[in-house]
Amino acid sequence: MYVRGTVAGEVEVRTVSTSYGESDLAEVPLRLEGEESEAEAASDQQPEYETTTVTLWNKWTESAEYVEPGMELLVTNAKEEEYQGETRYATTGDSYVVVEPTFLVNVTAIRNWVECPRLYYLNKLSGVPLNYPVVKGTLVHEVFGDLLRGRDLEESIDARVEERGLELGLLGETAEGVAEDVRENAQAIEGWLEQGRLTEDDSEATADDDSTREFSPAESSWRSEQLLISETFGIRGRADAVRRGAPVELKTGKNLKKEPRFKDKVQAACYALMLEEHGGNVDTGTLLYTKNSALDRNEETGDLTPAKDFSMGGGLLKFVVRLRNELAAMEIAGDVPTGYEGSAKCEYCFEQDTCMVVSGRLDQESKAGQIGQPIPADEREYFERFYRAIEEERREVHHEYAKLWEQDAQERADDDRALIDLEFVEKRPLEEGRWELRAKRTSGANSKIREGDFVLASDGHPVRGNSELATIERLDEEVVLTADEPVEVTRLDVYPSELTTDRLLAAMHDALLKGTERRKDVLFGRTDPEFDTVSEIFIDNNAAQNEAVTKAVGARDCALIHGPPGTGKTYTIARAIRAMVERGERVLLSAFTNRAVDNALEALLEQLENHGEIDADRVVRVGSESGVREDMQPYRLERAGDPEDRVETLQNAQVVAATTATCGSRVMKEQAFDAALVDEAAQLTEPGTCAAINLAERFVLVGDHEQLPPVVRAENDLTESLFERLVNCHPDAGVMLDRQYRMNQRIQAFASREFYDGKLRPAEPAVAARTLDDLAGVSRDALPEDLQDPVSFVDVDGDSSQYTDSEEAARIVDLIETYEAAGLERDDIGVIAPFRAQVSEISSHVPDDVTVDTVDRFQGSSQEIIIVSFTATGTLEGPIFEDYRRINVALTRPKRALVLVGDPNALATDPVYSRLLEWANA
DNA sequence: GCTCTGCTAAGAGGA
């Protein structure tokens, strides 16, 4: 049986004498997971969950050492015992003990950890930089997968090398040279596979169950690159291949020993554990060392083959789970490994120097020792604070994984995390050995899944069913996917990724440990930013914009441009970049979202076109095909191609535009710039901003901290942007753009007074005076009197439900008809509501060409007329109303008319909202 | 309580 619960107290470890001799045991008080009893539900009491004791025997006491009260514990194959009238549990010989099973540990993390826990930590901090052995290793793996799927060797090599043209170019490699290297490794594999075909008894192979068989295209008993997620063991990873249910791991290094390396065995054992959970019974694993060739005949065995089979006993599997427990417990406790946890010898370690430097700089205890002076105390405090915050974000990603099995399909769909009830249409083999899968959507349900995304495609359940990582090629009434295996897909789940978390951590690490002293002095407020004198006039009709460009161009360290709604910050950025380009500088243009990057890039291209200074081919957009807007695709850097040609295109680019996440990629980390301009910087976390500015000598941040802050999952230090902190810390480095080109004066008044000290003003009289009358075919006289003013308030009592309001929705439908009758085009009308539920309520009653969305999603755009649905009756309680920046965004979207729809009694309960009411009714 | 974008995935190796 299976016991799971929360550790309810201190754990006691002791030694006892048994009939088998001395044994260790640990007694863990555990509050079992369970349902509320009827009595508890009936009474008003807090539910009291059953508390019991679980005895962990022998080596599982090691895991017990790390356990702390509050942690979750799972014991498989436990036995039930009666002890003094109480039911207790104990491990048996077949038990596994898992600490914090929802903490999903990567197989590679365990592999690093077994080598040295400190190595695991270093890897997490800074990632693996671009280097040839790693890229080659990846290529060989891809070719291996292709061979298993029946693709021709030469065709595979050519295609895979071509795909990585950019990376190879940056490494200074040629396609021919790399192809030759890959061929050498791949031939060893091919030979071995050929041998297997001759000797393998296929009838035996097919006699086993099993579902993997019928899906394997090339050879019945193989499956390549299988993604595995274990809810029991809290491990996830991707096996290179699975043969007859057993893991096969490919290593492109050399190993002439008789036995596989221990860490390789551990890696294979992780996959074996997960395969067992999925119904297999695994007792062997295979490691393929592709550099072993005939010339390197193993002296002990005379072996020629690259393959080493080894048996996987229960002892190894349990050891692996204990390793994983140690890692998980340390992460949950927030501790930093020192290296003393393991037995590795530092003098043999490749990372010894790095290890000592990092330990020295961060003043961390380390087995390897420390080199150099620690960074200042405030920087170390910053590091620890942000390390914790980023790790909290990582935990949130782990919870997303846990939801794959904790929530049922309908809940996932309601959460927009899955598309369910698909009707499988067909599977079609593609030339490269992959598969195209098609399914029909049976409902119009929405989800956050988009074209180009990675998803878990399954025939029912993303973890327990047959599932595969797939790419969405097309998503309309039909879904088209590509995947390695032909799953009969009926459901798609968002695949959570730690990628951005990893990059945030690396960006923060790089900023602190690789940043110049000067840069850090500025970031930590120890030095004021300096500026060169620039006398050129860049923009002659807007003093603040001109000053902003002057500061950006003249900055030696940084400049901060505060751009309230409609003040032309995108234009200002474009002008500043043009000025820098004219001075011969290399510039990075970045922002958090792809949309913001493309907007800024569009403005820049317009500038450059009108002034013809540089060729458009010296502007490069780095990003995925699905992320980059259609009209910016011509500028997108294709990664595939001839290495030399690819790298030239990138290196010659004078302006490179990419999201901050992409700035943290290995390719971008190889690039250096004179200046980095970051748009919408108030929506970026500090480490997120660092990913971009780390690449440049100086930086310019552009944003508005009076609009919405960064989106983070956990509540932590990441919610304040670097932009906001620096604006407060270095007011002299900042400029506020104070002339807005969007709103009628009456509309702008409240936001200006409330959020911008009254400093925001219309750029010109024509802007101040704009009304709906300016639009072709529209006459305000055709509107009822109470809607003729640019700002109006429509009083609706509301229906008192929490996240929707049908009365407001109905009134908004009427309003839209009224405006249409007065001559307005539907696509000039926008409707904003705080909650998504209200957004769908309104959308369902309104024509498609009226844009209806949440405040958050409206940020960055504008509309002729905006109708706001407050969706609150009687009171304004709720976090959504507490952040006044949200109301600022909502009120500053319209150009010519703003209509507020809501219950005045609710608005009157809050001082800011009651001033809003006063203004709207004036 | 609510809002909610990024990103090829993870794993590639050295001796």
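Computation of the quantities below employed the complete heavy-atom set of this structure, encompassing side-chain atoms and omitting hydrogens, waters and symmetry-equivalent molecules. What you see is a predicted model, and the numbers here were worked out from it, not measured in a lab. Chain naming here is simple, since letters A, B, ... match the order of the sequence lines and numbering starts at 1 in each.
- What separates CG of Asp856(A) from P of dT5(B) is a distance of 8 Å, to the nearest Å.
- Across all strands shown, Arg236(A) has heavy atoms under 4.0 Å from sugar-phosphate atoms exclusively, and none from any base.
- Arg636(A) CZ: more than 12 foreign heavy atoms inside a 6.0 Å radius.
- Here Glu351(A) lies in heavy-atom contact (under 4.0 Å) with a base.
- Closest contact between the side chain of Asn106(A) and the listed nucleotides dA9(B), dG11(B), dC2(B) involves dG11(B).
- Under 4.0 angstrom from either OP1 or OP2 of dC7(B) there lies no side-chain N or O belonging to Ser665(A).
- Within the 4.0 Å cut-off from OP1 or OP2 of dA12(B), at least one side-chain nitrogen or oxygen of Lys251(A) is found.
- At whole-Å resolution of the value, CD in Gln352(A) and P in dA15(B) are 16 Å apart.
- Side chain Arg595(A) to base dT5(B): no donor-acceptor pair is found below 3.5 Å.
- Among the protein residues, Gly878(A) comes within range of the nucleic acid bases, having at least one heavy atom under 4.0 Å from a base atom.
- Within 4.0 Å (heavy atoms only), Phe350(A) reaches at least one base atom of the nucleic acid.
- A perpendicular orientation is assigned to the rings of Phe881(A) and Tyr913(A), their planes being inclined by more than 60° (bins at 30° and 60°).
- Distance, Asn112(A) CG to dG13(B) C1': 11 Å, rounded to whole Å.
- Of the residues in residues 499-507 of chain A, those lying under 4.0 Å from DNA chain B by heavy-atom distance are Leu499(A), Thr500(A).
- Salt bridge annotation for Arg417(A)-Glu400(A): present, with a cationic side-chain nitrogen under 4.0 angstrom from a carboxylate oxygen.
- The residue from Gln226(A), Gln267(A), His141(A) that alone fulfils the side chain to side chain donor-acceptor pair (under 3.5 Å) condition with Asp240(A) is His141(A).
- With rounding to whole Å, Leu119(A) atom CG is found 11 Å from dG14(B) atom C1'.
- Counting any heavy atom pair closer than 4.0 Å across all strands shown, Thr471(A) reaches a base atom.
- To the nearest angstrom, P of dA9(B) lies 17 Å from CG of Asp240(A).
- Closest approach to the Val711(A) side chain among dA9(B), dC4(B), dA12(B) is made by dC4(B) (side chain taken as heavy atoms from C-beta onward).
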Show me the donor-acceptor pairs, under 3.5 Å and distance only, between side chains in residues 128-137 of chain A and residues at least two apart or in other chains.
residue	atom	partner	partner atom	Å
Asn131(A)	OD1	Val134(A)	N	3.1
Tyr132(A)	OH	Asp181(A)	OD2	2.7

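- Closest to the side chain of Gln267(A), out of dG14(B), dT5(B), dA12(B), is dA12(B).
- Of the candidates dT3(B), dC4(B), dG14(B), dG14(B) carries the atom nearest the Pro133(A) side chain, counting heavy atoms from C-beta on.
- One finds no salt bridge joining Glu249(A) and Arg111(A) here, because no Lys/Arg side-chain nitrogen approaches an Asp/Glu carboxylate oxygen to under 4.0 Å.
- When heavy atoms are screened at a 4.0 angstrom cut-off, Asn594(A) is found touching the sugar-phosphate backbone but no base atom.
- When the side-chain nitrogen and oxygen atoms of Thr659(A) are compared with OP1 and OP2 of dC7(B), one or more of them lie within a distance under 4.0 Å.
- Contact annotation for Arg666(A): base contact, defined as any heavy-atom pair under 4.0 Å involving a base atom.
- A salt bridge links Lys124(A) with Glu331(A): the closest approach of a Lys/Arg side-chain nitrogen to an acidic carboxylate oxygen falls below 4.0 angstrom.
- OP1 and OP2 of dA10(B) both lie 4.0 Å or more from every side-chain N or O belonging to Thr108(A).
- Atom pair Ile449(A):CD1 and dT5(B):C1' shows a separation of 15 Å (rounding to whole Å applied).
- If you check every strand for non-hydrogen atoms under 4.0 Å, Val107(A) touches sugar and phosphate atoms only.
- A pairwise comparison of heavy atoms in Asn888(A) and Asp704(A) identifies ND2-OD2, 4.4 Å as the closest pair.
- Gln683(A) contributes no side-chain N or O that forms a donor-acceptor pair with the base of dG6(B) under 3.5 Å.
- Under a 4.0 Å N-O distance rule, the pair Glu468(A)/Arg223(A) qualifies as a salt bridge.
- Arg395(A) has no carboxylate O lying under 4.0 Å from a charged side-chain N of Glu392(A), or vice versa, which leaves the two without a salt bridge.
- Between Tyr803(A) and the phosphate of dC2(B), there is a side-chain N or O to OP1/OP2 separation shorter than 4.0 Å.
- Listed nucleotides dG11(B), dG1(B), dA10(B) differ in distance to Tyr271(A); the shortest reach to its side chain belongs to dG11(B).
- Within the structure, a side-chain polar atom (N or O) of Arg857(A) is placed less than 4.0 Å from OP1 or OP2 of dT5(B).
- Of the candidate nucleotides dG11(B), dG13(B), dG1(B), dG13(B) has the atom lying nearest to any side-chain atom of Thr252(A).
- Proximity of Thr854(A) to the phosphate of dC2(B): no side-chain N or O atom is located under 4.0 Å from OP1 or OP2.
- Of the candidates dA9(B), dA12(B), dG6(B), dA9(B) carries the atom nearest the Ser497(A) side chain, counting heavy atoms from C-beta on.
- Among the atoms of the strands shown, only primed sugar atoms or phosphate atoms (P, OP1, OP2) are found under 4.0 Å from some heavy atom of Pro834(A).
- The phosphate of dA12(B) (OP1 or OP2) has a side-chain N or O of His141(A) nearer than 4.0 angstrom.
- In this structure, CD of Glu680(A) is placed 10 Å from P of dG6(B), rounded to the nearest angstrom.
- A salt bridge between Lys308(A) and Asp264(A) is absent, with no side-chain N of the basic residue lying under 4.0 Å from a carboxylate O of the acidic one.
- Salt bridge status for Arg886(A) with Asp856(A): present, with a side-chain N to carboxylate O gap under 4.0 Å.
- Stem regions for DNA chain B, meaning three or more consecutive Watson-Crick or G-U pairs with both distances under 3.5 Å, do not exist: the list is none.
- Residue Pro879(A) places its side chain closer to dG1(B) than to any other of dA10(B), dG1(B), dC7(B).
- Taking the six-membered ring for Trp, Phe835(A) and Phe870(A) have ring centres at least 6.0 Å apart.
- Rounded to whole angstrom, the span from the CG atom of Asp883(A) across to the P atom of dC4(B) amounts to 14 Å.
- Residue contacts shown for Tyr495(A) are limited to sugar-phosphate atoms, with no base heavy atom under 4.0 Å away.
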